[in-house]
Amino acid sequence: MKICVVGGAGYIGSHTVYELIDAGHRVIVIDNLSNGVRSAVHSKASFYNADITDVCALDMAFKTECGAEPFDAVMHFAAKIVVPESVENPSLYYYNNVEGTRSLLDVMVKNRCKNIIFSSTAAVYGETETGVCDEKTPTKPASPYGETKLAVEKMIGWFAKAYGMNYCVFRYFNVAGAHSSLKIGLWRENMTHMIPAVVETAIGIRDRLIIFGSDYDTLDGTCVRDYIHVSDIAHAHLLAIDLLQKNRSEIINLGSSKGFSVKEVIDEVSKRHFVNFEYGNRRMGDVPKIVASNRKAKELLGWSPRLGLAEIINSDLAFRQKMAEIG
Ligand code: UDP
């Protein structure tokens, strides 16, 4: 099939491109390289350097590739994703995530592309009573990041009704790890995410890890998250293509259904390397606990995570060590 991957040079997008190409699909990547890197794009994928807020550039790429046949599916990964940054700069998040997706949807409609897979987030749930969320759990985002993703979910729903589109919205929980080839992974300066931060501390790239808050209402007082390997996430996208081909539209959680506290993650990494950490203040926008029910993904897609926390940490560790050696 012919699949367009918007944001295919970024972390999750590039892993999905690898999976798609391994499965024999033809892949067209559109990315503005603001977060992603050109070298992360699989050599067998076609590449267009375009910003999703630039309707003309997007339309040109779609026209070139959809001349005879529209894309069988568009996978949309291009977004700003850092919770604290979104709290400081909501405008950037509304412009890029909401306005950018509106442009993409317009261009899809114009070019007769009717199937979209959208990367949403567990952050749409916000703070819930139990911290365990299925897709029916009421949404109450605690940050502009979560708000913009929820706004896009709703926008896609209305576009689908108006223009006969199909969608699969994936709500990712905490994605981490790297590709088994170690060619791609999550690598940038000043990483704010937990697994890269703790692994960087373990291998001496940073001198200590600050635990943001130790007085949450959880077992050990630190926040609980549901970590899921990026290759498991990528695989779910391939399975979703079938759902769209059957004209189904769904919202689906992608998580492991297991929660680990920040302290438990540090303990797991400490089995391999010493981790220098200290307790600090709570971080704005954080909720105490967020863990997926992944029953729907299992039932509808036949998907379940193949890799657990230990493998996620091993894979991130191996990737980061390799990158640190390269310099
Ligand atoms: N966290 C932490 N220290 C760090 C980075 C993250 O204590 O240096 C905590 C953060 O406060 C949250 C959890 O780890 O409770 C997961 O944060 P991350 O940014 O990875 O993902 P989020 O759940 O915010 O999307």
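Hydrogens, waters and symmetry mates are skipped; everything else that's a heavy atom, side chains included, is used. From a predicted model like this one, the values you see are computed outputs, not experimental measurements. As the structure lists them, so they are numbered: ligands from 1, and atoms in each ligand from 1.
Close approach of ligand 1 to Thr192 is summarised as follows: ligand atoms under 4.0 Å from at least one heavy atom of the residue are 5 (C), 6 (C), 19 (O). Listed by atom number, the atoms of ligand 1 under 4.0 Å from Ile211 heavy atoms are 7 (O). For ligand 1 and Cys223, the ligand atoms under 4.0 Å from any heavy atom of the residue are 15 (O). The distance from ligand 1 to the heavy atoms of Leu209 drops below 4.0 Å at these ligand atoms: 8 (O).
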Practice item. Show the numbers, then the answer: is there a side chain to side chain contact (heavy atoms under 4.5 Å, CB included) between Ser103 and Ile52? Key: CA-CA 7 Å; Ser103 307; Ile52 52 165; 5.7 Å; no
Exercise for review: Go through the steps for Arg112 and Glu69 under the test salt bridge (Lys or Arg N to Asp or Glu O under 4.0 Å), then give the verdict.
Suggested key: CA-CA 9 Å; Arg112 300 164 291 116; Glu69 285 289 323; over 6 Å; no
Point to revise | Stepwise side chain to side chain donor-acceptor pair (under 3.5 Å) test for Asn247 and Asn166 | key: CA-CA 6 Å; Asn247 290 323; Asn166 309 306; 3.0 Å; yes
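In terms of protein heavy-atom proximity, atom 23 (O) of ligand 1 is nearest to Arg225 NE, 2.6 Å. Regarding atom 22 (P) of ligand 1, its nearest protein heavy-atom neighbour is Asn174 ND2, 3.6 Å. What sits closest to atom 11 (O) of ligand 1 on the protein, heavy atoms only, is Asp286 OD2, 2.5 Å. Looking at atom 20 (O) of ligand 1, its nearest protein heavy atom turns out to be Met194 N, 2.7 Å. From the protein, the heavy atom lying nearest to atom 4 (C) of ligand 1 is Phe212 CE1, 3.4 Å. Val262 CG2, 3.7 Å is the protein heavy atom nearest to atom 9 (C) of ligand 1. Of the protein's non-hydrogen atoms, the one nearest atom 19 (O) of ligand 1 is Arg283 NH2, 2.9 Å.
Lys296 and Glu250 are joined by a salt bridge, as a carboxylate oxygen and a charged side-chain nitrogen come within less than 4.0 angstrom of each other. Checked for salt-bridge contact, Glu127 and Lys140 miss the test: no charged N lies under 4.0 Å from a carboxylate O. Of the charged side-chain nitrogens involved, at least one lies within less than 4.0 Å of a carboxylate oxygen, so that Arg102 and Asp106 count as a salt-bridged pair.
The neighbour count for Lys110 NZ, taken as heavy atoms of other residues, nucleotides or ligands under 6.0 Å away, does not exceed 12.
For the side-chain hydrogen bond (donor to acceptor under 3.5 Å, both in side chains) with Ser120, the lone residue among Glu153, Lys149, Arg171 that qualifies is Glu153.
Only the backbone of Ile210 comes within 4.0 Å of ligand 1, counting heavy atoms alone; no side-chain atom from C-beta on gets that close.
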